[in-house]
Amino acid sequence: MVKVLAKLKFSIVIFVVVLLGIIFVSVPPAHTQQPVVLNLLMTAPDAQPWKEGIIKDFESKNPGIRINIIEGPNATNLLEDLYTSAFILGDSPYDLINMDVIWTPKFAAAGWLLDLTDKVTESELTAFSPKDVEGGRYKGRLYRIPMRSDVGMLYYREDLLKQAGFNPPETFTDLIKISQALKQQDKINWGYIWQGRQYEGLAAMFVEILQGFGGFWVNPNTLEVGLDRPETLKAIAFLKETIATGISPPGVTTYQEEETRRIFQSGQAVFLRSWPYVWPLANEKDSPIRGKIAIKPMVSAPGENSGACLGGWGLGISKTTKHPQEAWKAIQYFTSEAAQRRFILQAGFVPSRRSLFTDPQIVATYPHYPQLLEVVEQAVLRPPIAQYAQTSDILQRYLSAALTNRMTPEAAMKAAAQETRRLLGDV
């Protein structure tokens with residue numbers, strides 16, 4: 001309880017500081033006809049590409065509307081805390097809501113977002129990746145329009161596989177076999193690198209392995225919990241096997257994205273599970289693996305579908321905004337094909353519109369995007385439920401305990417399933 005109160009106090013302090021900044025920027029001088037100001041909170045690194053690109057374009061075409069970017073901390077959980085504190089305290093100062101895909105159910109269930117269902121037709125939504133659209137729904141209603149996609153994938157050293165006569169792996173068994181062979185030949189130090197630290201990235205990684213074994217975490221329609229099923233134990237057994245056989249380093253259970261990227265980019269590993277941001281970094285001029293990598297969807301067990309965890313960001317409208325029409329006009333522009341194309345070319349983000357993955361202008365700059373579309377098409381959502389944050393915390397704690405041998409997988413998943421069912425009111 002003390003930790004919760006301390007966290008809430010910290011979030012409120014940050015919120016008040018940000019609010020003062022909003023007031024300072026938003027208050028217009030007297031006696032002049034001022035444009036409508038829409039406040040939008042996002043991480044500081046994302047703010048600059050927005051300001052220099054699509055916001056400047058939008059404001060030039062819509063002189064009566066101004067977008068005021070509030071730069072928040074570079075951590076999505078802290079950004080979520082800021083939004084949550086603002087809504088709980090009442091009369092949120094934000095008009096446009098820039099949402100991580102896993103926030104949508106929580107924000108919608110709390111009544112913090114405008115329902116956008118009737119503002120866009122199903123035909124218009126087909127232009128976007130289906131899973132990105134699904135990530136914007138809650139109980140059949142639409143609250144978020146996808147702005148940029150993000151999806152987990154398997155990177156591999158195409159050069160090493162070709163030299164050794166291997167095709168890209170399709171199954172978990174293939175991945176282990178290739179890793180062991182290349183390691184025995186002293187081609188690499190490690191076979192497979194993944195994110196094993198106790199944080200949200202662990203849950204994102206695990207849903208892909210779970211999907212690949214035919215399992216599930218929580219069914220959002222029935223709230224059935226699948227953590228204590230045999231498929232879940234098979235997924236954990238695979239991850240533990242990578243450590244036990246030396247395919248993955250012993251420290252993998254402490255790694256986040258950047259630790260894994262650095263190992264892979266330095267040429268020490270043949271396979272990496274990560275996100276699209278790795279591609280341009282791994283192909284920089286001074287990268288040891290430049291031009292030597294390829295991507296594919298995560299592997300799976302024979303007869304099962306592979307999974308690619310959906311990330312990404314989208315835009316919603318705060319229920320407390322005084323300018324809903326202007327906010328919707330901004331969303332329409334920011335998510336349009338022309339604006340997205342320019343934004344992608346300037347900032348290198350992954351599009352949410354399917355046509356842009358094969359757009360000649362974009363493919364000329366990012367030749368791997370057609371392959372990336374194949375991965376996006378196999379995206380799997382983390383459970384789109386209002387209690388997602390608590391549900392993820394439960395999985396992270398018990399999965400970490402199983403991977404680090406503090407609990408047996410059976411005991412860990414039985415406890416995780418029971419705790420999750422209590423949370424969801426199913427027992």
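Only heavy atoms go into these numbers, but all of them, side chains included; no hydrogens, no water, no symmetry mates.
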Point to revise | Worked verdict on Tyr398 versus Glu419 for side-chain hydrogen bond (donor to acceptor under 3.5 Å, both in side chains) | key: CA-CA 10 Å; Tyr398 286 108; Glu419 200 169 318; 2.9 Å; yes
Point to revise | Verdict with supporting geometry, Glu258 and Arg197, salt bridge (charged side-chain N to carboxylate O under 4.0 Å, His left out) | key: CA-CA 12 Å; Glu258 274 302 273; Arg197 185 170 176 173; over 6 Å; no
Give me the ring orientation class for [X] and [Y]: parallel if the planes are under 30° apart, tilted from 30 to 60°, perpendicular past 60°.
X: Phe87; Y: Trp112; answer: parallel
X: Tyr83; Y: Tyr94; answer: perpendicular
X: Tyr366; Y: Tyr369; answer: parallel
X: Phe343; Y: Trp50; answer: perpendicular
X: Tyr155; Y: Phe264; answer: tilted

Short question: side chain of [X], backbone of [Y] - any donor-acceptor pair under 3.5 Å?
X: Thr232; Y: Gly226; value: yes
X: Thr254; Y: Gly251; value: yes
X: Glu259; Y: Gln256; value: yes
X: Asn74; Y: Thr43; value: no
X: Thr117; Y: Leu142; value: yes
X: Asp359; Y: Ile362; value: yes
X: Lys296; Y: Pro169; value: yes
X: Gln195; Y: Glu257; value: no
X: Asp95; Y: Asn39; value: yes

Practice item. Test Leu154 against Val375 for side chain to side chain contact (heavy atoms under 4.5 Å, CB included), laying out the working first. Key: CA-CA 9 Å; Leu154 184 65; Val375 181; over 6 Å; no
Do [X] and [Y] come within less than 4.5 Å of each other through their side chains, counting heavy atoms only?
X: Val278; Y: Ile293; answer: no
X: Asn305; Y: Gln378; answer: no
X: Val363; Y: Pro370; answer: yes
X: Met153; Y: Pro276; answer: yes
X: Ile247; Y: Phe271; answer: no
X: Val252; Y: Leu403; answer: no
X: Tyr143; Y: Leu116; answer: no

I'd like to know if the side chain of [X] pairs up with that of [Y] as donor and acceptor (distance under 3.5 Å, no hydrogens or angles considered).
X: Ser123; Y: Thr121; value: no
X: Arg406; Y: Ser400; value: yes
X: Thr84; Y: Glu80; value: no
X: Asp174; Y: Thr171; value: yes

Gap separating the [atom1] atom of [X] from the [atom2] atom of [Y], nearest 0.5 angstrom:
X: Met42; Y: Lys51; atom1: CE; atom2: NZ; result: 9.5 Å
X: Arg262; Y: Leu281; atom1: CZ; atom2: CG; result: 11.0 Å
X: Ser92; Y: Leu82; atom1: OG; atom2: CG; result: 10.5 Å
X: Thr335; Y: Arg144; atom1: OG1; atom2: CZ; result: 11.5 Å
X: Thr420; Y: Asp228; atom1: OG1; atom2: CG; result: 9.0 Å
X: Ile331; Y: Ile317; atom1: CD1; atom2: CD1; result: 4.0 Å

Any ion pair linking [Y] and [X] (charged N to carboxylate O, less than 4.0 Å)?
X: Lys131; Y: Glu134; answer: yes
X: Glu284; Y: Arg261; answer: no
X: Asp393; Y: Arg397; answer: yes

Point to revise | Chi angles and distances behind the side chain to side chain contact (heavy atoms under 4.5 Å, CB included) call for Val101, Arg382 | key: CA-CA 9 Å; Val101 66; Arg382 283 161 282 181; 3.9 Å; yes
**Study point:** side chain to side chain contact (heavy atoms under 4.5 Å, CB included) between Trp217 and Ser392, worked out
**Key:** CA-CA 10 Å; Trp217 180 358; Ser392 179; 4.0 Å; yes
Revision key, fill the gap. Nearest heavy-atom approach of Ala347 to Pro49 is CB-CB, 3.9 Å
Point to revise | Exercise: identify the closest heavy-atom pair between Leu373 and Arg354 | key: CD2-O, 4.3 Å
Review point. Within a reach of under 6.0 Å around NZ of Lys139, are more than 12 heavy atoms found that belong to other residues, nucleotides or ligands?
Key: no
Review point. Counting only heavy atoms not in Gln325, do more than 12 fall under 6.0 Å of its CD?
Key: no
Check your understanding: Of Tyr138, Trp313, Tyr388, which is the lone residue that meets ring pair (Phe, Tyr, Trp, His ring centres under 6.0 Å) with Trp103?
Key -> Trp313
Point to revise | Cation-pi, Phe128 ring and Arg353 (6.0 angstrom, 45 degrees) | key: yes
Mind listing the side-chain donor-acceptor pairs of residues 145-152 below 3.5 Å, one per line with the distance, residues two or more places apart or on another chain?
{"from": "Arg148", "atom 1": "NH1", "to": "Asp46", "atom 2": "OD2", "distance (Å)": "3.4"}
{"from": "Ser149", "atom 1": "OG", "to": "Asp132", "atom 2": "OD1", "distance (Å)": "3.4"}
{"from": "Ser149", "atom 1": "OG", "to": "Asp132", "atom 2": "OD2", "distance (Å)": "3.0"}

Review item, side-chain donor-acceptor pairs of residues 179-193, under 3.5 Å, at least two apart:
{"from": "Ser179", "atom 1": "OG", "to": "Leu175", "atom 2": "O", "distance (Å)": "2.8"}
{"from": "Lys183", "atom 1": "NZ", "to": "Gly246", "atom 2": "O", "distance (Å)": "2.5"}
{"from": "Asn189", "atom 1": "ND2", "to": "Gln268", "atom 2": "OE1", "distance (Å)": "3.3"}

Under 3.5 Å, side-chain donor or acceptor atoms of residues 235-243 against the rest of the protein: list the pairs with distances, not counting sequence neighbours.
{"from": "Lys240", "atom 1": "NZ", "to": "Ala402", "atom 2": "O", "distance (Å)": "2.9"}
{"from": "Lys240", "atom 1": "NZ", "to": "Asn405", "atom 2": "OD1", "distance (Å)": "2.5"}
{"from": "Thr242", "atom 1": "OG1", "to": "Trp194", "atom 2": "NE1", "distance (Å)": "3.3"}
{"from": "Thr242", "atom 1": "OG1", "to": "Leu239", "atom 2": "O", "distance (Å)": "2.6"}
{"from": "Thr242", "atom 1": "OG1", "to": "Ser248", "atom 2": "OG", "distance (Å)": "3.1"}

**Study point:** salt bridge (charged side-chain N to carboxylate O under 4.0 Å, His left out) assessment of Glu337 paired with Arg341
**Key:** CA-CA 6 Å; Glu337 185 171 334; Arg341 180 187 294 107; 3.2 Å; yes
Check your understanding: Could you go step by step and tell me if Arg137 and Leu125 meet the side chain to side chain contact (heavy atoms under 4.5 Å, CB included) rule?
Key -> CA-CA 12 Å; Arg137 296 189 196 276; Leu125 289 174; 3.7 Å; yes
